[in-house]
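Scope of the values below: all heavy atoms of this structure, side chains included, with no hydrogens, waters or symmetry mates.
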Amino acid sequence: MTTFDDRERAFEAKFAMDEEMAFRIIARRNRLLGQWAAAKLNLTPEETDAYAKAVVQADFEEAGDEDVIRKLLGDLTAAGVEIDEATVRKAVEERTVEARRQLIEAK
């Protein structure tokens, strides 16, 4: 039975690593999204850093990406930036790819 136990532990370890990597990718993506939106809002470097952290924190409101999209769209439209939901969703997709690339290269 030890081979089955070993396989089970290996699958559990792989699952934990995959979940950690997914979390890190999403956190990195949200930071990149915050920087993207801050550029559109013409924020200073200090404000950009704070805003990127706020976008990362916004992701903890509910499961999925809707809370981040809602924050970005709300903040950008409130500041008078002409943007639609499709553009924000495209930015989410692009930043996800970029975040994954950055983390893979960092290994």
Side-chain angles (χ1 to χ4, degrees):
M1 284 291 251
T2 59
T3 49
F4 288 117
D5 293 337
D6 291 344
R7 286 185 70 193
E8 183 179 2
R9 278 193 284 281
F11 283 129
E12 288 173 358
K14 183 180 179 339
F15 178 78
M17 277 192 340
D18 290 348
E19 288 297 307
E20 180 184 350
M21 182 58 103
F23 176 80
R24 292 176 67 201
I25 288 170
I26 290 171
R28 174 81 53 106
R29 177 207 64 194
N30 290 342
R31 185 165 188 73
L32 293 170
L33 282 168
Q35 293 169 346
W36 168 80
K40 293 193 173 302
L41 295 167
N42 296 319
L43 299 181
T44 66
E46 295 81 20
E47 293 170 329
T48 296
D49 188 48
Y51 187 74
K53 288 177 184 174
V55 173
V56 171
Q57 289 296 317
D59 192 31
F60 297 119
E61 292 177 15
E62 63 185 47
D65 298 335
E66 296 306 312
D67 45 0
V68 173
I69 292 170
R70 193 171 38 252
K71 175 172 182 43
L72 292 170
L73 193 57
D75 291 349
L76 290 167
T77 55
V81 177
E82 284 202 29
I83 197 160
D84 61 354
E85 187 175 340
T87 305
V88 173
R89 287 188 184 279
K90 184 174 187 228
V92 169
E93 291 173 19
E94 291 170 351
R95 297 321 176 280
T96 302
V97 171
E98 177 63 18
R100 180 174 283 117
R101 185 191 62 75
Q102 287 180 7
L103 286 172
I104 288 171
E105 287 179 357
K107 280 191 169 184

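Between atom CD of residue Glu82 and atom OG1 of residue Thr77 there is a gap of 11.0 Å, rounded to the nearest 0.5 Å. Note that CZ of Arg24 is 15.5 Å distant from CZ of Arg29, once rounded to the nearest 0.5 Å. One finds the CG atom of Leu103 at 6.0 Å from the CD1 atom of Ile25 (value rounded to the nearest 0.5 Å). Here the straight-line distance linking atom NZ of Lys14 with atom CD of Glu19 works out to 10.5 Å at 0.5 Å rounding.
When only modelled atom types and interatomic distance are considered, Thr87 and Asp84 share a side-chain donor-acceptor pair under 3.5 Å.
Proximity of a side-chain donor or acceptor of Glu94 to a complementary backbone N or O of Ala91 within less than 3.5 Å is not detected. Between the side chain of Thr96 and the main chain of Val92, a donor-acceptor pair closer than 3.5 Å is present.
Here the side chains of Lys40 and Leu76 are in contact, with some heavy-atom distance below 4.5 Å. Between Phe60 and Asp67 there is no side-chain heavy-atom pair separated by less than 4.5 Å. Here the side chains of Lys53 and Arg31 are in contact, with some heavy-atom distance below 4.5 Å.
Summarising the local packing, CD of Glu12 is surrounded by more than 12 heavy atoms from other residues, nucleotides or ligands at distances under 6.0 Å. In Arg100, the CZ atom is not crowded: 12 or fewer heavy atoms of neighbouring residues, nucleotides or ligands sit closer than 6.0 Å. Under a cut-off of 6.0 angstrom, the local environment of CZ in Phe23 is sparse, with at most 12 non-hydrogen atoms contributed by other residues, nucleotides or ligands.
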- Item | salt bridge (Lys or Arg N to Asp or Glu O under 4.0 Å) between Arg89 and Glu66, worked out | CA-CA 10 Å; Arg89 287 188 184 279; Glu66 296 306 312; 2.8 Å; yes
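A pairwise comparison of heavy atoms in Leu32 and Arg95 identifies CD1-O, 3.9 Å as the closest pair.
Ion pair Asp75/Lys71 flagged as a salt bridge, since at least one NZ, NE, NH1 or NH2 atom sits closer than 4.0 Å to an Asp/Glu carboxylate oxygen.
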